[in-house]
Number of protein chains: 2
Amino acid sequence: MELRPLDSCSTCPVEFAMNMISGKWKLLILYNLMTDGTVRFNELQRRLDTVTHRTLTRQLRELESDELINRTIYAEVPPRVEYSLTDKGKSLTSILLSLQNWGLEHMVE
Amino acid sequence: MELRPLDSCSTCPVEFAMNMISGKWKLLILYNLMTDGTVRFNELQRRLDTVTHRTLTRQLRELESDELINRTIYAEVPPRVEYSLTDKGKSLTSILLSLQNWGLEHMVE
DNA sequence: CAGGATCCGCAAAGATACTG
DNA sequence: CAGTATCTTTGCGGATCCTG
């Protein structure tokens with residue numbers, strides 16, 4: 001596949017994709033869901049380690065409104081909320097792999 | 001290739017790659033150099049259309065310090081400065097294609 | 001032509017406190 | 001447990017003016 005001309009920025013597929021994954025914690029969230037399938041809110045927060053409660057919530061809401069993740073609420077006490085990838089979210093794996101491959105080849109360890 | 005575990009964020013290849021291309025105009029700059037080879041400063045500014053002189057300079061400096069682009073200065077009057085991709089910069093094409101493919105498949109036109 | 005210097009605005013992220 | 005409400009911070013990008 002070749003690089004296409006970028007007619008207009010508002011319809012640029014590259015920018016469209018970048019907007020989905022731009023966000024300090026988004027790729028880390030997606031990565032965790034890719035490898036583990038389903039993760040609860042607090043478990044996710046533990047794994048991201050330094051993320052604040054507030055910020056994690058926001059990032060999850062954005063991913064959800066972009067239809068990259070599912071949010072499942074269980075009517076229990078204490079409450080349980082589980083996050084998982086949608087098919088659209090799963091399809092981002094190709095981008096993550098592409099980024100990872102490039103990083104592995106060009107990072108000085 | 002499989003997704004690797006993300007041991008530590010400071011050594012995460014995905015984050016390393018993202019840091020290279022995060023910047024409002026960077027992918028657009030790289031795209032222009034990928035398709036045209038060598039471009040002068042003002043020509044680049046015309047193509048990005050709404051970018052300011054100041055901001056374009058900063059983005060170019062960052063790309064240069066990341067060794068993604070070459071900056072060639074010709075000792076002429078008026079001055080001439082040309083930008084082109086390094087091999088490292090050219091290798092980003094795979095990421096751009098990956099982003100573009102995803103965007104084309106998931107954008108509603 | 002291709003910058004540098006200064007100042008400013010804004011959106012994203014963090015800190016902290018409170019809650020069903 | 002999984003949020004929401006406020007407030008503050010910060011850093012990127014923009015606006016403007018000056019120069020070899």
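Naming: A, B, ... by sequence-line order, numbering from 1 per chain. Predicted model only: the values in this text are computed from it and were never measured.
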TODO: Classify the nucleic acid contact of A:Glu76 as base, sugar-phosphate or nothing, counting any heavy atom under 4.0 Å across all strands shown.
DONE: nothing
Open item on the list: B:Trp102 and side-chain hydrogen bond (donor to acceptor under 3.5 Å, both in side chains): which single residue from A:Ser98, A:Ser94, A:Ser91 fits?
Closed with: A:Ser91
- [ ] Any chance you could lay out the salt bridge (Lys or Arg N to Asp or Glu O under 4.0 Å) test for A:Glu43 and A:Arg47, step after step, and finish with the verdict?
- [x] CA-CA 6 Å; A:Glu43 174 61 19; A:Arg47 299 200 197 170; 2.7 Å; yes
Task: Nearest-Å distance for atom pair CD/P, residues B:Gln45 and D:dG14 - done: 11 Å
Open item on the list: Heavy atoms only, 4.0 Å cut-off, all strands: where does B:Thr55 land among base, sugar-phosphate and nothing?
Closed with: base
Open item on the list: Is the phosphate of D:dG3 approached by A:Arg61 (side-chain N or O, under 4.0 Å from OP1 or OP2)?
Closed with: yes
Task: Between D:dG13 (P) and B:Asp49 (CG): distance, integer Å - done: 17 Å
- [ ] Report which part of the nucleic acid B:Tyr74 touches: base, sugar-phosphate, or nothing (heavy-atom distance under 4.0 Å, all strands).
- [x] nothing
- [ ] Among C:dC1, D:dG3, C:dA13, find the nucleotide with the atom closest to the side chain of A:Lys24.
- [x] C:dA13
Open item on the list: Rounding to an integer number of Å, can you tell me how far A:Ile29 CD1 sits from D:dA2 P?
Closed with: 14 Å
Task: In one Ile/Leu/Val/Met/Phe/Trp/Tyr side-chain cluster, 4.5 Å: B:Tyr83, B:Tyr74 - done: no
Task: Pair of N/O donor and acceptor under 3.5 Å linking D:dT6 base with A:Arg54 side chain - done: yes
- [ ] Identify whether any heavy atom of B:Arg58 sits under 4.0 Å from a base atom; if not, whether one sits that close to sugar-phosphate; answer base, sugar-phosphate or nothing.
- [x] base
- [ ] Describe, in one word, how the ring planes of A:Phe41 and A:His53 are oriented to each other, choosing from parallel (under 30°), tilted (30 to 60°) and perpendicular (over 60°).
- [x] tilted
TODO: Using whole Å, report how far CG of B:Asn42 lies from P of C:dG3.
DONE: 9 Å
TODO: Using the closest heavy atom to pick a nucleotide of DNA chain D for each, name whichever of A:Glu82 or B:Thr52 lands nearer the 5' end.
DONE: A:Glu82
